[in-house]
Every structure is written in C-alpha cells, then in structure tokens.
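The structure appears right after this line, and notes come after that.
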Amino acid sequence: MERIDASTLDLQEKVVSINRVSKTVKGGRIAKFSALIVVGDGNGVVGYGIGKAAEVPEAIRKGTEDARKHLVRISTKGTTIPHEVVGESGAARVLLRPAAPGTGVIAGGAVRAVIEVSGIKDIRTKSLRSRNPGNVVAATIAGLASVRTVAEVAKIRGLDEKDILG
C-alpha cells in the first residue's frame with residue numbers, strides 16, 4: 001500500500017467521539033479523555049486516529065496527528081463506489097452499497113463521518129453487529145480501502161477492461 005503524504009493535502013477533520021475515562025488511585029480519581037478523529041481531503045483520501053490526553057483539545061490534536069499518519073486512498077466511480085462491499089473490524093461489520101446520483105449519504109453517525117470527509121456523495125450503508133464507534137470507523141475504512149475499479153482489476157490480472165466486463 002502506498003504511503004500518502006499528509007502535508008501536500010488540504011485535510012478536513014471530524015470528531016467522531018470523545019470518551020471520558022477515569023482511573024481510581026490512592027488519592028482519588030484521575031480523569032482523562034480519548035478522542036476518535038477522522039480526516040479526509042474530500043477527494044478519495046481518508047484516515048482515522050485515536051488521541052488520549054488529560055484535556056479534550058490535546059486529545060483531539062493527538063488524534064488528528066495519528067489520523068494523518070494512517071491515510072488510505074479510496075477508489076470511486078463518479079460520486080459513489082464501484083461495487084457493494086462489507087468492511088469488517090473487530091465485531092463491527094459495515095455494508096456499503098453504491099447509490100444513484102442524487103441519493104445522498106444514507107449512513108449512521110460514525111459511518112457518516114468517514115463518508116463525508118472521503119468525498120463520496122451518493123452511498124447507502126448499514127452498520128451491522130457492533131455499534132462501537134472505533135470498530136465501526138475502522139470497518140468502514142477497511143471496506144472502502146478494499147473497493148476496486150474495473151481498471152484496477154484489469155491491471156492486476158493483466159487483462160483488458162473489455163475482457164473483464166465480458
């Protein structure tokens with residue numbers, strides 16, 4: 001998989017979830033925050049990251065930094081994806097289906113954040129099994145990363161596009 005340089009892209013970030021965690025120690029409780037961040041350029045590049053810190057802004061900054069290190073490129077066909085796919089991560093499964101132009105983004109919370117920053121305009125999705133935002137985001141990105149266009153498949157197989165389509 002190719003490495004994408006985040007410094008050359010104009011990335012937008014979206015906070016998917018912020019979780020407050022506490023640790024009980026001898027002197028009382030210590031509260032910290034965990035932030036799940038999704039970044040994308042709105043043109044087929046997307047990534048996610050997790051940041052943990054004592055304050056929310058610092059957790060968001062760390063999450064954004066982590067997301068910029070884990071960017072993937074997504075294959076699109078116009079404003080949607082070329083074919084149906086199911087992405088999996090942990091117990092989460094996300095069904096991603098192409099949609100006709102004008103349909104819009106039909107997706108729930110965590111999936112919607114990934115789709116919006118990736119630049120996909122028309123898609124139908126369904127989150128199956130787990131509702132954990134971290135796993136749902138990871139499953140969505142795994143599914144989107146596994147999508148291939150006809151041209152990409154033809155190149156891998158060493159065939160012409162017409163041979164694949166029939």
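Just so it is clear, the model here is predicted, and its values are computed rather than measured. These values consider heavy atoms only, across backbone and side chains, with no hydrogens, waters or symmetry-generated copies.
Across S75 and P82, no two heavy atoms sit closer than the pair O-CD, 3.6 Å. Between A59 and A53, the closest heavy-atom pair is N-CB, 3.6 Å. Of all the heavy atoms in N135 and A91, the pair that sits closest is ND2-N, 4.1 Å. The two residues V16 and P133 make their nearest non-hydrogen contact at CG1-CB, 4.4 Å. Heavy atoms only, all atoms of each residue included: A92 and A139 are closest at O-CB, 3.9 Å. Of all the heavy atoms in G51 and K62, the pair that sits closest is CA-CB, 3.8 Å.
One hydrophobic cluster, built from ILVMFWY side chains closer than 4.5 Å, holds both V15 and L71. Transitive grouping of hydrophobic side chains (ILVMFWY, heavy atoms separated by less than 4.5 Å) brings V147 and V105 into a common cluster.
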>> Checking R131 against V136 for the side chain to side chain contact (heavy atoms under 4.5 Å, CB included) test, could you report, in this order, the C-alpha distance in whole Å, the side-chain angles of both residues, the deciding distance, and whether it holds?
In response: CA-CA 7 Å; R131 292 186 183 94; V136 171; 5.5 Å; no
> For V94 and V114, what are the C-alpha separation, side-chain angles and deciding distance, and is it a side chain to side chain contact (heavy atoms under 4.5 Å, CB included)?
Replying inline: CA-CA 12 Å; V94 177; V114 175; over 6 Å; no
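By the side chain to side chain contact (heavy atoms under 4.5 Å, CB included) test, S118 pairs with V46, I74, I120, sequence neighbours left out. Scanning for salt bridge (charged side-chain N to carboxylate O under 4.0 Å, His left out) contacts around R93 gives E88, with sequence neighbours left out. Qualifying salt bridge (charged side-chain N to carboxylate O under 4.0 Å, His left out) partners for E65, counting only residues two or more places apart in sequence or in other chains: R61. S146 pairs by the side chain to side chain contact (heavy atoms under 4.5 Å, CB included) definition with V85, not counting sequence neighbours. With sequence neighbours left out, T79 forms a side-chain hydrogen bond (donor to acceptor under 3.5 Å, both in side chains) with D122.
Contact of the K77 side chain with the P98 side chain is not registered, since no non-hydrogen atoms from C-beta on lie closer than 4.5 Å. Residues L96 and L144 form a side-chain contact, since some pair of their non-hydrogen atoms from C-beta on lies under 4.5 Å apart.
Other members of a hydrophobic cluster containing I156 are absent, since no ILVMFWY side chain comes under 4.5 Å of it, directly or through relayed contacts. In the hydrophobic clustering, where aliphatic and aromatic side chains (Ile, Leu, Val, Met, Phe, Trp, Tyr) are joined below 4.5 Å either directly or transitively, L128 groups with V86, L95.
Remark: I123 CD1 to T140 OG1 distance equals 9.0 Å, nearest 0.5 Å. Atom NE2 of H83 is separated from atom CD1 of I81 by 7.0 Å, given to the nearest 0.5 angstrom. Rounding to the nearest 0.5 angstrom, the gap separating the CD1 atom in I60 from the CD atom in E13 is 7.5 Å.
Sorted by first then second residue, the salt bridge (charged side-chain N to carboxylate O under 4.0 Å, His left out) pairs that include residues 45-56, not counting sequence neighbours, number zero. Every pair passing salt bridge (charged side-chain N to carboxylate O under 4.0 Å, His left out) that includes a residue from residues 107-121 is listed here, sequence neighbours excluded: K14-E116, R112-E116. Each side-chain hydrogen bond (donor to acceptor under 3.5 Å, both in side chains) pair with one or both residues in residues 96-110, not counting sequence neighbours, appears once here: E84-R97. Sorted pairs that involve residues 155-166 and meet side-chain hydrogen bond (donor to acceptor under 3.5 Å, both in side chains), not counting sequence neighbours, are lacking altogether.
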All N/O donor-acceptor pairs, side-chain side in residues 25-43, below 3.5 Å, sequence neighbours left out:
from: D41; atom 1: OD1; to: N43; atom 2: N; distance (Å): 2.8
from: D41; atom 1: OD1; to: V45; atom 2: N; distance (Å): 3.1

